[in-house]
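Please read the structure below before turning to the comments.
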Amino acid sequence: MAEERTRVGIIGAGPAGLLLSHLLHRAGVESVVLEARTRDHVEHRQRAGVVEHGVARILRAAGAGARMDRAGAVHHGIELRFDGRSHRVDFAGLCGRDVVLYAQTEIVKDLIAHRLADGGDVRFAAAATAIEGIEGERPRIRYGTAAGEQVLACDFVVACDGFHGIGRPSIPAERVRHFEKSYPFGWLGILADVPPSATELIYARHERGFALHSQRGPRVSRLYLQVGNDDHVGNWPDDRIWAELAARFALRDGGWELATGPITDKAVTPMRSFVCEPMRHGRLLLAGDAAHIVPPTGAKGLNLAMHDAALLAEALASWHATGDHTLVDGYSDTALRRVWRAEHFSSWMTGLLHRDPNGSAFDRRVQSAHLEFIASSRSASAQLAENYTGLPYV
Ligand code: FAD
Ligand code: PHB
């Protein structure tokens, strides 16, 4: 079997793997991206929608932000709804930053287009099956294609292969520590052909459970409902979804109506917090969901993945240019500082807004008091705004 060689072998063409490959190319470092699924599949998988201030800057600086700036929408705040009333968190006034609403599907499309236009090597329908030799200097990825098994030899392997990939389990169990928290609920997410009913995102906490109103451009709404852990889309006919959303977003004095339309996509996502430490073993590095998961309430999953990629690109480019390993050696510690900040924020937002099926009436009153405090205290609101738009950690 012929063995191919590249500098950096990247597993996974999600946001982390694609941005890493793009940034490495701009720094003159060759890479190959192996992706198990087809291009069509990765370009249409519905996921996140909020791009932090700093991540938008990374995309612009990398020459990959033009379509985001044309088609995305800058959001200067979010709305919190609780106990039938509404409170706006004004990002611009509280912390001077904002976020861009631009779907993960579009970021993935943009990065694939850039990679291919630059002559990049992104191989779809190429599933990595084993990572070997990570404790030596010449790790190898075995992967399967329609043509049979292939081998890619590299200087470094970066696993950007998501939570269920093969990267993390390739590290010997005694070399890593896992931190995990599960939640007794999940999110039912829908996409609907109906103009958004609000200009900004609405995060609603209701006795019946959490709901989120987001958007995908001027004609498409993206909405989420808290559902049970073992719930599935079969339990949720369209009428039931719209009725439940309307109930959870309702304001005490009326005056707001949720527009409805044909639902084009429906899926249930489980909620989990997870961190793998360290994010590296030998010549294998982990980035994005392969190393950490957050519940989507704080909109951090995509942003963490992009930050990891930017850090790693700088570290690997420095190693490539000078042979100096300092930044590669520091990658895990540097990335984990931001990861743990996001882990705290995401689990905090989740607790603030969801109905805990095991919680008591006392817990719900405390939750209301907490939301009341955010609505009445500038410093409490500012903490939310700073975290949501993205703290400027290196
Ligand atoms: P991924 O986007 O998961 O990419 C990993 C890639 O690796 C995939 O393309 C996969 O096919 C590929 N791969 C896996 N195994 C192999 C292999 N063996 N060989 C080759 N390729 C492989 N975040 C939010 O902020 N808001 C949301 O609403 C939201 N919704 C989500 C819904 C779902 C169902 C999921 C799974 C995640 C969601 N997230 C959300 C999180 C966010 O989308 C992720 O944090 C983000 O996709 C992470 O990017 P990534 O590049 O690390 O991983
Ligand atoms: C989305 O638009 O998909 C979205 C927005 C905010 C979140 C999670 C998901 O917190």
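Along the sequence shown, residues are numbered consecutively beginning with 1. Ligands are counted one by one from 1 in listed order, and the atoms in each one are counted from 1 as well.
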- Task: Answer yes or no: is there an ion pair linking Lys266 with Asp238, defined by an N-O contact shorter than 4.0 Å?
- Result: yes
- Query: Can we say Glu372 and Arg365 salt-bridge, meaning some charged N sits less than 4.0 Å from an Asp/Glu carboxylate O?
  - Reply: no
- Query: Is at least one protein non-hydrogen atom found at under 4.0 angstrom from atom 43 (O) of ligand 1?
  - Reply: yes
- Item | Atoms in ligand 1 with a heavy atom of Arg37 nearer than 4.0 Å | 11 (O)
- Query: Does the gap between the ring centers of Trp319 and Tyr331 come in under 6.0 Å?
  - Reply: no
- His164 near ligand 1, heavy-atom distance under 4.0 Å? no
- Any N or O of Ala290 that comes nearer than 3.5 Å to an N or O of ligand 1? no
- Under a 4.0 Å heavy-atom limit, does Gln104 contact ligand 1 with its side chain, its backbone, both, or neither? side chain
- Taking NZ, NE, NH1 and NH2 as the nitrogens, is one of them in Arg39 or Glu43 under 4.0 Å from a carboxylate oxygen of the other? yes
- Note on the structure: Under 4.0 Å between heavy atoms, the region of Ala305 that gets near ligand 1 turns out to be side chain
- Query: Heavy atom of Gly298 under 4.0 Å from ligand 1?
  - Reply: no
- Note on the structure: Residues Leu20 and Cys160: closest non-hydrogen pair is CD2-SG, 4.4 Å
- N or O pair under 3.5 Å between Trp187 and ligand 1: no
- Message: To the closest 0.5 Å, what do you measure between CZ (Arg168) and CD1 (Ile131)?
- Response: 11.5 Å
- Return yes or no for this condition: an N or O of Gln46 is under 3.5 Å from an N or O of ligand 1. no
- Item | Pairs satisfying side-chain hydrogen bond (donor to acceptor under 3.5 Å, both in side chains), at least one member in residues 175-195, at least two apart | Tyr183-Ser273, Trp187-His354
- Identify the protein heavy atom lying closest to atom 7 (C) of ligand 2, giving its residue, its atom name and the separation to 0.1 Å. Tyr203 OH, 3.4 Å
- Just one of Arg138, Arg7, His320 clears the side chain to side chain donor-acceptor pair (under 3.5 Å) bar with Asp155, so which one? Arg7
- Glu52 and Lys300 ion-paired at < 4.0 Å: yes
- Query: Please state which protein non-hydrogen atom is closest to atom 5 (C) of ligand 2 and give its distance, to 0.1 Å?
  - Reply: Val50 CG2, 3.5 Å
- Is there a heavy atom in Tyr143 that sits closer than 4.0 Å to ligand 1? no
- Item | Contact check: Ser214 vs ligand 2, nitrogen or oxygen atoms, below 3.5 angstrom | yes
- Query: Gly165 to ligand 1: N or O pair under 3.5 Å?
  - Reply: no
- With heavy atoms only and a cut-off of under 4.0 Å, state how Arg47 meets ligand 2: side chain, backbone, both or neither. backbone
- Message: Taking only non-hydrogen atoms of Gln46, do any sit less than 4.0 angstrom from ligand 2?
- Response: no
- Task: Could you tell me whether Glu132 and Arg140 make a salt bridge, using a distance below 4.0 angstrom between a side-chain N and a carboxylate O?
- Result: yes
- Closest approach of any protein heavy atom to atom 3 (O) of ligand 2, naming residue and atom: Tyr224 OH, 2.6 Å
- Query: Given that the side chain starts at C-beta and the backbone is N, CA, C, O, which of these parts of Leu201 lies under 4.0 Å from ligand 2, counting heavy atoms, or is it both or neither?
  - Reply: side chain
- Is there a donor in the side chain of Ser360 and an acceptor in the side chain of Asp363, or the other way round, less than 3.5 Å apart? yes
- Task: Around atom 8 (C) of ligand 2, find the nearest protein heavy atom and jot down its residue, atom name and distance.
- Result: Pro296 O, 3.4 Å
